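Atoms considered below: every heavy atom in the structure, side chains included; atoms not considered: hydrogens, waters and symmetry mates. A quick note: this is a predicted structure, and the numbers were derived from the prediction, not measured. Protein chains get the first letters and strands the later ones, always in sequence-line order, with residue 1 at the start of each.
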Protein chains: 4
Amino acid sequence: MTKAKKAADVPRRRGRPKSENRRQNVMEAAAHHFCANGYDAASMRDIADAAGLLVGSLYHHFSSKEDLFINVFEEGLRRTSVGVLAAIKTPREPWAQLEAACIAHVEVILSNDNFVRIADYEFPFQHSETVRGRIIPKRDAYEAIFNKLIKALPLRRGVDRKYLRLTLFGAMGWTLIWYSPGRDTPTIIARRIVDIIRKGAEAR
Amino acid sequence: MTKAKKAADVPRRRGRPKSENRRQNVMEAAAHHFCANGYDAASMRDIADAAGLLVGSLYHHFSSKEDLFINVFEEGLRRTSVGVLAAIKTPREPWAQLEAACIAHVEVILSNDNFVRIADYEFPFQHSETVRGRIIPKRDAYEAIFNKLIKALPLRRGVDRKYLRLTLFGAMGWTLIWYSPGRDTPTIIARRIVDIIRKGAEAR
Amino acid sequence: MTKAKKAADVPRRRGRPKSENRRQNVMEAAAHHFCANGYDAASMRDIADAAGLLVGSLYHHFSSKEDLFINVFEEGLRRTSVGVLAAIKTPREPWAQLEAACIAHVEVILSNDNFVRIADYEFPFQHSETVRGRIIPKRDAYEAIFNKLIKALPLRRGVDRKYLRLTLFGAMGWTLIWYSPGRDTPTIIARRIVDIIRKGAEAR
Amino acid sequence: MTKAKKAADVPRRRGRPKSENRRQNVMEAAAHHFCANGYDAASMRDIADAAGLLVGSLYHHFSSKEDLFINVFEEGLRRTSVGVLAAIKTPREPWAQLEAACIAHVEVILSNDNFVRIADYEFPFQHSETVRGRIIPKRDAYEAIFNKLIKALPLRRGVDRKYLRLTLFGAMGWTLIWYSPGRDTPTIIARRIVDIIRKGAEAR
DNA sequence: TATGAATGAGTTTTCATTCAT
DNA sequence: GATGAATGAAAACTCATTCAT
C-alpha cells in the first residue's frame with residue numbers, strides 16, 4: 001500500500017528502486033499468467049520468464065507460489081476498492097450512490113487489469129485453506145462497502161436486502177465472463193444492471 | 001463399497017451392462033475430483049482410485065483427461081436441462097414461466113450434484129481450445145432455452161433483454177458460491193431473485 | 001520376507017519375474033548410494049540411474065525416498081538377524097552362545113553388504129519422525145535377541161547387564177568404522193572383543 | 001535473545017572483539033544446526049538466521065560450508081581434548097589413569113555441547129575428501145592420547161591392545177546414542193564401562 | 001478389458017555461492 | 001563487514017499417457 005504512494009511521489013531517492021520494481025515485475029508477470037490459464041496452470045517458470053529472472057530468484061521476493069498469489073490477489077482487490085471508494089465520496093441520493101459504486105466496480109473489473117481479474121473472478125474455489133483464509137476476509141471487507149450502501153436504500157416491501165446484494169454481485173461478476181469490448185461501455189452496462197434491479201424489468 | 005451395492009441392485013438393462021457401469025463409475029469419480037479441487041488438481045490417478053481401477057484402465061473408457069472432462073460436463077448440462085425442460089412444459093403466463101425455469105435451474109445447481117457443478121461453474125475459463133470448442137456451444141444451447149422465455153416477456157420500455165438475461169444468470173450462478181443449505185431453500189432463493197428482477201427493488 | 005523364499009524355490013512361474021527383480025534392483029541401487037554418501041546425499045536420480053530406470057519410475061515401486069530407505073533398512077536388518085538367529089540355534093553354554101551370536105553379527109556387518117551397513121550404522125540419527133518411528137522398533141527387536149542371551153550369562157557381582165550389552169554393541173558397531181579387510185577376520189575380531197568383555201583385559 | 005545478553009557481559013578481551021564474537025556466533029549456530037539434522041540438512045541460510053545475519057555475510061567469516069564445518073569440528077575436538085588432558089595431568093596408577101581419561105571423555109561427549117557432538121559422532125563418513133583429509137588426522141591425534149595410556153596398562157596375556165582401545169571407544173561412543181540424562185551420570189557410566197573391560201563381566 | 005510398469009517432461013522448491021552496492 | 005538480489009544447478013516428486021502382457 002505504502003509502496004504505490006512512494007513510487008508515485010518519490011522520484012527515486014538513494015538507490016534500490018530496482019528492487020521494488022522487480023517485485024512489481026514479478027507480480028505483474030504472475031497476474032498475467034494466473035489470469036491466462038488459472039492458478040494451477042501458471043508455472044513458476046512461466047512467471048519467472050515473463051519477469052526476466054530465473055525461477056529460483058522468485059523466491060527472494062515471495063516465499064511460495066501461494067504467497068505470490070495472495071499478494072496478487074490483494075493488490076487486485078486494492079485496485080478495485082480504490083475506484084469504488086473514490087466514486088462514493090461525493091454524497092448522493094442512495095440509489096444514485098449505489099449506481100456510482102456499481103459503475104466504478106464494473107469499470108474496474110472490465111478494465112483488463114490482470115490483478116483485478118484475479119481478485120474478482122479466480123478468488124473463491126479450489127485454493128488451499130491457507131490461501132482461502134487470507135483471501136476471503138479481504139473479499140468480505142470489500143463487499144461490506146456495498147452492504148452499507150444497500151442498507152441505505154429505500155426498498156419495496158418484501159425485498160430482502162441480502163438477495164438484492166447477491167443479485168447485484170452476481171450480475172456484475174458475470175460480466176467478466178461475457179463482456180467483450182466494443183459493444184456497450186462498462187458504464188452503460190452497470191447502469192442497465194442497476195436500472196433493472198432498481199425498477200424491475202416488467203412492463204407496468 | 002457403494003460401488004458393489006450398486007452393481008448388485010441395478011438390473012442390467014439393455015446390454016453391455018458391466019461396461020456401462022464402469023464408464024459411469026469413472027465419470028462419477030471424475031466429477032467428484034474435478035469439483036473438489038478443479039480440473040488441473042484432479043489427477044487421473046485420483047480418479048482411477050476412486051473408480052476402483054488403475055490409471056491405465058481409464059484409457060479404455062476415455063481417450064484422454066480432456067475427453068473425460070467433456071463427457072462429465074455434458075452429462076452435467078444434460079441433468080441441468082432435464083429439470084428446466086420439465087418445468088416449462090406446463091404452459092403459464094410468461095413471467096411465471098420464467099420463474100418456473102429459474103426455480104428448476106437453481107434447484108439443480110444447488111443440488112450438490114458434482115456433474116451439475118462442473119457444468120455450471122467450472123466451465124468457461126482455463127481450458128484448451130479443444131475443450132472450449134466442445135463445451136461452449138452446448139452451454140449456449142442451454143442458455144437459449146432461457147432466451148426464448150425471455151423473449152416472451154412483456155418488458156418495461158428501455159429494458160434490454162440481453163441485460164435481463166445476464167443479470168438473471170449472474171445472480172443464479174452466484175448462488176453456487178454463497179449458498180449454504182439450511183437457510184432459504186433453493187426454490188425460495190430463485191423466487192426472490194426473479195421477484196427483484198421482475199418488479200424492482202425500489203420502494204414505489 | 002516371503003519374497004526371498006519364493007525367489008529361491010519357485011523357478012519362475014507364469015511371467016512377471018522382472019517386476020520383483022526391478023524392485024530388488026532399485027533397493028540394491030539405493031542401498032549402494034545410501035551407503036556411499038549418506039541418505040541426504042543420495043539423490044533419487046543417482047539411484048534411478050544405478051537401477052537402470054528414470055527417476056519417475058522409482059515411484060512405482062516406492063512411494064517416497066523415505067519409503068525406499070525404510071525398505072532398505074528393514075532388508076538390512078533382516079539379513080543381519082538371519083545370520084545371528086541361525087548361529088544361536090545350536091544350544092551352547094551361555095558365554096559360548098553369546099560369542100556365537102557376536103561372531104555372526106560381526107561377520108554380517110563386516111561383510112560389505114550395503115543393506116546391512118545401512119541397518120547397522122546409518123540408523124539412528126537425523127531421520128524424520130516418520131522414519132524413526134518405523135525403524136527404531138525394528139532395531140530394538142533385533143537387539144532383544146542379544147538381551148535374552150545376556151540375561152542367561154553368569155556375571156560377576158556388580159556388573160550391570162545393561163552396560164554389558166551396551167559395551168558389546170558399541171564395540172561391535174565401531175568395527176564398521178575402523179575395519180579394513182586383510183587383517184584379522186571378522187570372526188577373530190568378534191572373539192577378541194567377547195574375550196575382553198568376558199574375562200577382562202587386566203593382568204591377574 | 002541470548003546473543004544480546006552475551007554480547008553485553010562478555011568483557012571484550014584481547015582485541016578484535018566484535019569480529020571474534022560474530023565468528024563465534026556463526027560457529028555456534030552452525031554447530032547447533034549440524035547437530036540437529038546433520039551436515040547436509042543444515043542450510044547456510046538456517047545457520048545465518050540463527051547467527052543473526054544474512055547468508056551472504058557468512059562468507060566474510062568462512063570461505064565455504066565445508067570450511068565452516070571443519071572449524072566447528074576442530075573446536076569440538078579441542079573442547080574434548082581439554083577435558084581429557086586435564087584429567088590425566090595428575091599421575092595415577094595406569095588403570096586409574098585410563099579411568100580418569102574415560103570419565104572425562106564420557107562427561108564431555110554427554111555434556112550436550114553441539115561442538116563436541118559434531119567432533120565425536122558426525123565425523124567419519126559421508127564427507128568429501130577435502131573435509132576428511134583435514135578431519136581424520138585431528139581425530140587420530142586425539143585418540144593417540146588414549147593409545148599412550150593403554151600402552152602403559154598391565155594386560156592379561158592374549159589381550160591385544162588394539163582391541164582394547166577399540167572396544168573402549170566403541171562403548172563410549174555408543175553412549176551418545178542411548179544416553180538420556182536423569183539415569184546414571186556420565187561419570188558412573190564411564191566407570192562401569194571401564195570396570196567391565198578391566199575385570200571382565202564373567203562370574204569367577 | 002484390465003494391469004502394472006515405464007516414460008519423459010513437468011512441477012515447486014531449496015541450496016551454496018557470488019557480487020555490486 | 002554486511003546486505004540483498006541473483007544465479008544455476010539440483011532436489012523430490014507428480015503427471016498424463018503408452019503399451020506389452
Side-chain angles (χ1 to χ4, degrees), chain A residues 14-16 18-23 26 40-48 51-68, chain B residues 16 18-19 22-23 40-48 51-69, chain C residues 14-16 18-23 26 40-48 51-68, chain D residues 16 18-19 22-23 26 40-48 51-68:
Chain A
R14 266 181 295 160
R16 266 188 295 159
K18 224 184 292 181
S19 150
E20 275 310 322
N21 280 352
R22 276 291 193 213
R23 205 183 143 90
V26 171
D40 283 314
S43 81
M44 290 300 265
R45 191 173 308 273
D46 293 341
I47 295 170
L53 28 66
L54 299 189
V55 217
S57 311
L58 249 37
Y59 290 82
H60 260 280
H61 303 283
F62 301 93
S63 67
S64 69
K65 193 183 178 185
E66 292 199 335
D67 179 34
L68 179 49
Chain B
R16 266 185 304 157
K18 230 187 299 180
S19 148
R22 277 283 197 221
R23 205 183 142 88
D40 284 310
S43 81
M44 290 297 266
R45 194 171 304 269
D46 292 341
I47 294 169
L53 31 68
L54 298 191
V55 218
S57 312
L58 249 38
Y59 290 82
H60 288 287
H61 302 281
F62 299 93
S63 67
S64 70
K65 194 183 178 186
E66 292 199 334
D67 180 34
L68 179 51
F69 177 79
Chain C
R14 266 180 296 160
R16 266 187 295 160
K18 222 185 292 180
S19 151
E20 274 312 323
N21 280 352
R22 277 289 193 213
R23 204 183 144 89
V26 171
D40 284 313
S43 81
M44 291 298 265
R45 189 172 309 272
D46 293 341
I47 295 170
L53 28 65
L54 298 188
V55 215
S57 309
L58 249 38
Y59 290 82
H60 259 281
H61 303 281
F62 300 93
S63 67
S64 68
K65 193 183 178 185
E66 291 198 336
D67 179 34
L68 179 49
Chain D
R16 266 184 301 156
K18 231 186 296 181
S19 150
R22 277 285 195 217
R23 204 182 144 90
V26 170
D40 283 311
S43 80
M44 291 297 267
R45 193 171 306 269
D46 292 341
I47 295 169
L53 32 68
L54 299 191
V55 217
S57 313
L58 249 38
Y59 290 82
H60 287 288
H61 302 282
F62 300 93
S63 68
S64 70
K65 194 183 178 186
E66 292 197 335
D67 179 34
L68 178 51

**Message:** Expressed as a whole number of angstroms, how long is the span from D:Leu58:CG to F:dG4:P?
**Reply:** 14 Å
**Asked** Starting at CZ of B:Arg23 and ending at P of E:dA2, how long is that distance when rounded to a whole Å?
**Response** 13 Å
**Request:** May I have the distance from C:Asn21 (atom CG) to E:dA5 (atom C1'), rounded to whole angstrom?
**Result:** 14 Å
**Asked** Expressed in angstrom and rounded to an integer, what is the separation of C:Lys65 atom NZ from F:dA10 atom P?
**Response** 15 Å
**Message:** Within the 4.0 Å heavy-atom criterion, would you say B:Ala42 contacts the bases, only the backbone, or no part of the nucleic acid?
**Reply:** sugar-phosphate
**Message:** Go nucleotide by nucleotide along DNA chain F from the 5' end; which of B:Met44 and C:Asp40 gets its closest nucleotide reached first?
**Reply:** C:Asp40
**B:Leu54 side chain, from C-beta outward: closest of E:dT3, F:dA5, F:dT17** = E:dT3
**Request:** Could you please spell out the steps behind the side chain to side chain contact (heavy atoms under 4.5 Å, CB included) verdict for B:Leu53 and B:His60?
**Result:** CA-CA 11 Å; B:Leu53 31 68; B:His60 288 287; over 6 Å; no
**Asked** Picking from F:dA16, F:dG1, F:dT7, which would you name as closest to the side chain of A:Leu53?
**Response** F:dT7
**Prompt:** What is the distance from OH of B:Tyr59 to C1' of E:dA6, rounded to the nearest Å?
**Reply:** 14 Å
**Prompt:** If every non-hydrogen atom of D:Asp67 is compared with every non-hydrogen atom of D:Phe62, which pair is closest and at what distance?
**Reply:** OD2-CA, 3.5 Å
**Distance-minimising heavy-atom pair for C:Ala41 and C:Asp46** = O-OD2, 4.1 Å
**Request:** Round to the nearest Å and state the distance from A:His60 atom NE2 to E:dT17 atom C1'.
**Result:** 11 Å
**Complete:** DNA chain F nearest-nucleotide lookup for A:Gly56 and B:Glu66: closer to the 5′ end is A:Gly56
**Request:** Would you indicate what B:Ser57 reaches in the nucleic acid, counting non-hydrogen atoms under 4.0 angstrom: base, sugar-phosphate, or nothing?
**Result:** base
**Request:** Let me know the distance between CZ of A:Arg45 and P of E:dT12, rounded to the nearest Å.
**Result:** 8 Å
**Closest approach of D:Arg23 to D:His61 (non-hydrogen atoms, all atoms of both residues)** = NH1-O, 3.3 Å
**Message:** If I pick the P atom on F:dT21 and the same atom on E:dT1, what distance separates them, to the nearest angstrom?
**Reply:** 22 Å
**Item:** Base paired to F:dT7 (Watson-Crick or G-U; both N/O distances under 3.5 angstrom)
**Value:** E:dA16
**Item:** Whole angstrom value for the distance that separates C1' of E:dA6 from NE2 of C:His61
**Value:** 8 Å
**Asked** What are the two closest non-hydrogen atoms of D:Leu58 and D:Met44, and how far apart are they?
**Response** CD2-O, 3.3 Å
